[in-house]
Participant: 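Take a look at the following structure, please.
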Amino acid sequence: MRMTRLFLRTLRDDPADAEVPSHKLLVRAGYVRRVAPGVYSWLPLGLKVLAKVERIIREEMDEIGAQEVRFPALLPREPYEATNRWTEYGPNLFRLKDRKGNDMLLGPTHEEMFTLLVKDLYSSYKDLPLSLYQIQTKYRDEARPRAGILRGREFIMKDSYSFDVDDAGLEAAYQAHRAAYVRIFDRLGFEYVIVKADSGAMGGSASEEFLAVSPTGEDTFVRSPGGYSANVEAVTTVAPDPVPYDGIPAAHAEQTPDTPTIDSLVDHLNAAFPRDDRSWEAGDTLKNVLVILRHPDGTREPLAIGLPGDREVDAKRLETQVAPAEVEPFEQKDFAAHPGLVKGYIGPGALGSESTTGIRYLTDPRIVDGTRWVTGADVQGSHVIDLVAGRDFTSDGTIEAAEVRAGDPAPDGSGPLELARGIEMGHIFQLGRKYAEVLDLKVLDQNGKLVTVTMGSYGVGVSRAVAAVAEYAHDESGLVWPRELAPFDVHLIVAGKDETVVAGAEQVYADLVGEGFDVLFDDRLGKVSPGVKFKDAELIGVPTIVVVGKGFVDGVVEVKDRSTGERRDVPLVDLVTALRD
RNA sequence: CGGGAUGUAGCGCAGCUUGGUAGCGCGCGCCGUUUGGGGCGGUGAGGUCGCAGGUUCGAAUCCUGUCAUCCCGACCA
């Protein structure tokens, strides 16, 4: 491709609406253009990269025997009504009506369509196992699209689904997909982690996410030096062993006026009740947080969560624990309904299903028998000291709702956890029979009996992958594509206006194309200085740059490696060999 | 949905405080010059100043409303 013909205009400045590197560079280098928030057009350069990502995915999916199909993005309402997702998806679903007034939607995901397709055509265990996939455009009307194509409202996704008669078959399909994903992400070339994910509302059992490690990622995950990694939601707390409490004095209530917050309480304790061994700390206090759970049937249930005073409740972790109920704040009217609760001084005495309030009381796993706490006395201006778990109070159970912090021990004993950010690139999980049951996907088994099919669901963000690669594959000059994804193999520059140099570059171009290289030839002459061409080449990010210039009279051209910056003169006759290395 | 910011030429921005012929850089066309790191000079094309209403002799500028976009958070297979 000649630069003088390529549909491209590079920009000297970063677009004002771009924040993250991939967004800035993909727009500046002419790969994509914004059409609407979260909606982008792919230009020739971008489309070539996208196609290469798709090719890798197709090869690996085909390799595990999955077959490609393609569903429409425009879908009728009915299948989504059957699974209740027409309602559940809420405002995130793009809805529209056809001329007859029938409801339609732009598909956010295709579990229903795949399930119904298999139901349409297959009816015997002999037809299984089966894996189908598609690479297709999805639509989700995100409340806040951001970061260019990293999180759009229209995006390209590979989604596949496995169909098996039994759990062993599902497990095998899951492992096959997992292995394929490992190969896909290895080939895409970025650093990633596989984390245990919360399968949450989707109702599956096993579920893992592939996260590209990147500070611009939206998902926080944890990992340990010993190799543990997980979503924050999936982290389980390492509970200490119970400790004996024989020598601990009896709990005693003390006056602690004006100490509604943990900080004010700790200050007061150190001033009024100093410890012999050390100062009081926030972690010595037991904080009791109240929320309201709204259950799917609409009922509201108060819930108290007891946790060490130096930790906050992590809203996401809490919601994962109480799903499908939703978490709402505990409001003034709720306090009014429970006069036994003294705001700011709530203690275990007023909590628990056996207590006067009857409010369910769940505690952090760290609060084991024998641990001693300072906590509210359920009296205005008073706290209890030396309150011992298991002796002075009990809870209705434990809950994983406290925030996870760097330095916390990994659940598998593999060392302290580190917090990092990642971009969700792939998600695999064992759906089980949820969709097959609602949509009545059954096959006859060996005994002629109807059995419900079990399914797996597996996704890769294809357009997101282009941006995710760009997130790390760049430097201060521009993009630096891995060879397998680059829009071209070679970026050829003619530097100079001398007729022999120009003619020479033309010849090199023809030769390289003849040898099978995909070459971008910057053949611009006239006012386009060599500096402009070098800058554009670095911005575009083709891995190898060949310059035909002043060395040409001596029969050499310059070969530059975009990623290392290394440049060397190569005799014209050796060029093809050098490029093949 | 909460908080913050911004809307002026294709892109990046100034002008607004203090109302008076709409500017700069890049990009684009043409002429000349230049050719190994976004060169120089000249000359052009291109703008309902987000939109609506108001104040005023006169509004990009002041007032009111509204829409949009971006960022943080909430949300999000």
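Naming: A, B, ... by sequence-line order, numbering from 1 per chain. Quick caveat: nothing in here was measured; it's all calculated off a predicted structure.
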Participant: Tell me the interatomic distance from A:Phe7, atom CZ, to B:G10, atom P, rounded to whole angstroms.
Facilitator: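 About 15 Å, once rounded to whole Å.
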Participant: Who is the Watson-Crick or G-U wobble partner of B:G58, with both distances under 3.5 Å?
Facilitator: none
Participant: Mind calculating the distance between CZ (A:Arg34) and C1' (B:U69) to the nearest angstrom?
Facilitator: 6 Å
Participant: Under 4.0 Å, counting only non-hydrogen atoms across every strand here, what does A:Glu218 touch: a base, just sugar-phosphate, or nothing?
Facilitator: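 Here A:Glu218 touches no strand at all.
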Participant: In whole angstroms, how far is the P atom of B:C76 from the CG atom of A:Asn231?
Facilitator: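 Taking atom P of B:C76 as the reference, CG of A:Asn231 is at 13 Å.
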Participant: To the nearest Å, how far apart are A:Lys434 NZ and B:A77 P?
Facilitator: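 So the NZ-P distance, A:Lys434 to B:A77, works out to 11 Å.
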Participant: So does A:Asp536 pair up with A:Arg524, basic N to acidic O under 4.0 Å?
Facilitator: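 Yes.
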Participant: Does A:Lys560 make a cation-pi contact with A:Phe534 (under 6.0 Å, within 45 degrees of the axis)?
Facilitator: yes
Participant: In the strands shown, is B:G73 matched to any nucleotide by a Watson-Crick or G-U wobble pair with both distances under 3.5 Å, and which?
Facilitator: B:C1
Participant: Does this structure show an ion pair linking A:Glu19 with A:Arg146, if we count only N-O contacts that are shorter than 4.0 Å?
Facilitator: no
Participant: OP1 or OP2 of B:C11 sitting under 4.0 Å from any side-chain N/O of A:Arg12?
Facilitator: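 No, because none of the side-chain N or O atoms of A:Arg12 sits under 4.0 Å from OP1 or OP2 of B:C11.
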Participant: If you look at every strand shown and take non-hydrogen atoms under 4.0 Å, does A:Arg9 touch a base, only sugar-phosphate, or nothing?
Facilitator: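 Contact class for A:Arg9: sugar-phosphate only.
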Participant: Determine, stepwise, if the pair A:Asp569 / A:Lys550 fulfils salt bridge (Lys or Arg N to Asp or Glu O under 4.0 Å).
Facilitator: CA-CA 11 Å; A:Asp569 285 335; A:Lys550 55 189 182 186; over 6 Å; no
Participant: Given atom CD of A:Glu312 and atom P of B:A74, what is their separation to the nearest angstrom?
Facilitator: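 To the nearest whole Å, that distance equals 14 Å.
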Participant: Testing A:His110, A:Glu68, A:His177, A:Gln67 one by one against A:Ser160 for a side-chain hydrogen bond (donor to acceptor under 3.5 Å, both in side chains), which residue passes?
Facilitator: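 Exactly one candidate clears the test, A:His177.
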Participant: Going by an N to O cut-off under 4.0 Å, is there a salt bridge joining A:Lys138 and A:Asp159?
Facilitator: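 Here A:Lys138 pairs with A:Asp159 in a salt bridge, since their nearest N and O are under 4.0 Å apart.
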Participant: Using a heavy-atom cut-off of under 4.0 Å over every strand shown, decide if A:Lys527 touches base, sugar-phosphate, or nothing.
Facilitator: base
Participant: State the pairing partner of B:A68; accept Watson-Crick or G-U wobble contacts with both distances under 3.5 Å, and report none otherwise.
Facilitator: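 Looking at the geometry, B:A68 pairs with B:U6.
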Participant: Looking across every strand, which nucleic acid part, if any, lies under 4.0 Å from A:Phe552 by heavy atom: base, sugar-phosphate, or nothing?
Facilitator: nothing
Participant: For A:Ala537, which contact category applies under a 4.0 Å heavy-atom criterion: base, sugar-phosphate, or nothing?
Facilitator: nothing
Participant: Roughly how far apart, to the nearest Å, are B:U33 and B:C51 at atom P?
Facilitator: 44 Å
Participant: Identify, between A:Asp536 and A:Pro15, the residue whose nearest nucleotide on RNA chain B lies closer to the 5' end.
Facilitator: A:Pro15
Participant: Considering Watson-Crick and G-U wobble pairs with both distances under 3.5 Å, what does B:G47 pair with?
Facilitator: none
Participant: Would you measure the distance from the C1' atom in B:G46 across to the matching atom in B:G10 and give it in whole Å?
Facilitator: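 Here B:G46 and B:G10 have their C1' atoms 9 Å from each other.
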Participant: Would you please test A:Tyr139 and A:Asp141 for side-chain hydrogen bond (donor to acceptor under 3.5 Å, both in side chains) and show each step?
Facilitator: CA-CA 7 Å; A:Tyr139 296 87; A:Asp141 194 0; over 6 Å; no
Participant: Is it the case that the side chain of A:Asp475 and the backbone of A:Ser477 share a donor-acceptor pair, with hydrogens and angles ignored and the cut-off at 3.5 Å?
Facilitator: yes
Participant: What nucleotide among B:A77, B:G36, B:G37 has an atom nearest to a side-chain atom of A:Arg85?
Facilitator: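 Of B:A77, B:G36, B:G37, B:A77 is nearest to the side chain of A:Arg85.
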Participant: Hunt down the Watson-Crick or G-U wobble partner of B:U17, both distances under 3.5 Å, from any strand shown, or write none.
Facilitator: none
Participant: Between B:U69, B:U35, B:G38, spot the one nearest the side chain of A:Pro37, thanks.
Facilitator: B:U69
Participant: Both A:Ser529 and A:Ala16 contact RNA chain B. Which one's nearest nucleotide lies toward the 5' end?
Facilitator: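 Looking at RNA chain B, the more 5' nearest nucleotide goes with A:Ala16.
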Participant: Can you check whether any acceptor in the base of B:G37 is under 3.5 Å from a donor in the side chain of A:Arg567, or vice versa?
Facilitator: yes
Participant: Tell me whether the OP1 or OP2 atom of B:C75 has a side-chain N or O from A:Arg140 closer than 4.0 Å.
Facilitator: no
Participant: Do A:Thr109 and A:Arg140 come close enough that some side-chain heavy atom pair is under 4.5 Å?
Facilitator: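 Side chain of A:Thr109 against side chain of A:Arg140, heavy atoms only: contact under 4.5 Å found.
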Participant: Using atom C1' in both nucleotides, what's the gap between B:A45 and B:C26 to the nearest angstrom?
Facilitator: 16 Å
Participant: So, does A:Arg144 get its side chain near the phosphate of B:C76, meaning an N or O under 4.0 Å from OP1 or OP2?
Facilitator: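 So the side chain of A:Arg144 is outside the cut-off, no N or O lying under 4.0 Å from OP1 or OP2 of B:C76.
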Participant: In whole Å, what separates the P atom of B:U34 from that of B:C40?
Facilitator: 15 Å
Participant: Suppose we define a pair by two distances each less than 3.5 Å, Watson-Crick or G-U wobble; what does B:C30 pair with here?
Facilitator: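 Base-paired to B:G42.
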Participant: Any base atoms under 4.0 Å from A:Asp14, or only sugar-phosphate, or nothing? Heavy atoms, all strands.
Facilitator: sugar-phosphate
Participant: Rounded off to whole Å, could you give me the NZ-to-P distance for the A:Lys497 and B:U33 pair?
Facilitator: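 Taking atom P of B:U33 as the reference, NZ of A:Lys497 is at 9 Å.
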Participant: Base, sugar-phosphate or nothing for A:Lys138? Non-hydrogen atoms, less than 4.0 Å.
Facilitator: nothing
Participant: Using only heavy-atom distances, decide whether a donor-acceptor pair under 3.5 angstrom links the side-chain of A:Arg28 to the base of B:G38.
Facilitator: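 Flag set: donor-acceptor pair detected.
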Participant: Reckon A:Gly549 touches a base, only the sugar-phosphate, or nothing at all at heavy-atom distances under 4.0 Å?
Facilitator: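 Touches a base.
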Participant: In whole angstrom, give me the gap between the C1' atoms of B:C72 and B:U35.
Facilitator: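 Nearest-Å result for B:C72 against B:U35 at atom C1': 48 Å.
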Participant: Work out how far the C1' atom of B:G19 is from that of B:U55, and round it to whole angstrom.
Facilitator: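 My reading of the C1' atoms in B:G19 and B:U55 gives 11 Å.
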Participant: Distance check, C1' atoms only: B:G4 and B:C76, in whole angstrom units.
Facilitator: 22 Å
Participant: Can you check the distance between B:U6 and B:G42, where both ends of the measurement are the P atom (answer in whole Å)?
Facilitator: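 That atom pair is separated by 36 Å.
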Participant: Quick one: is A:Arg146 getting a side-chain N or O under 4.0 Å of the B:G73 phosphate, OP1 or OP2?
Facilitator: yes
Participant: Just how far, in rounded Å, is P of B:C76 from CZ of A:Arg151?
Facilitator: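 My rounded result for the distance is 10 Å.
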Participant: In whole angstrom, what separates A:Glu538's CD from B:G36's C1'?
Facilitator: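 Spelled out: CD on A:Glu538 to C1' on B:G36 is 12 Å.
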Participant: Hey, is the side chain of A:Ser457 pairing donor to acceptor with the base of B:A77 inside 3.5 Å?
Facilitator: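 Counting by modelled atom types and ignoring angles, no donor-acceptor contact under 3.5 Å is found here.
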Participant: Describe the nucleic acid contact of A:Gly38 in one word from base, sugar-phosphate, nothing, applying a heavy-atom distance below 4.0 Å.
Facilitator: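 A:Gly38: no heavy atom of the nucleic acid under 4.0 Å.
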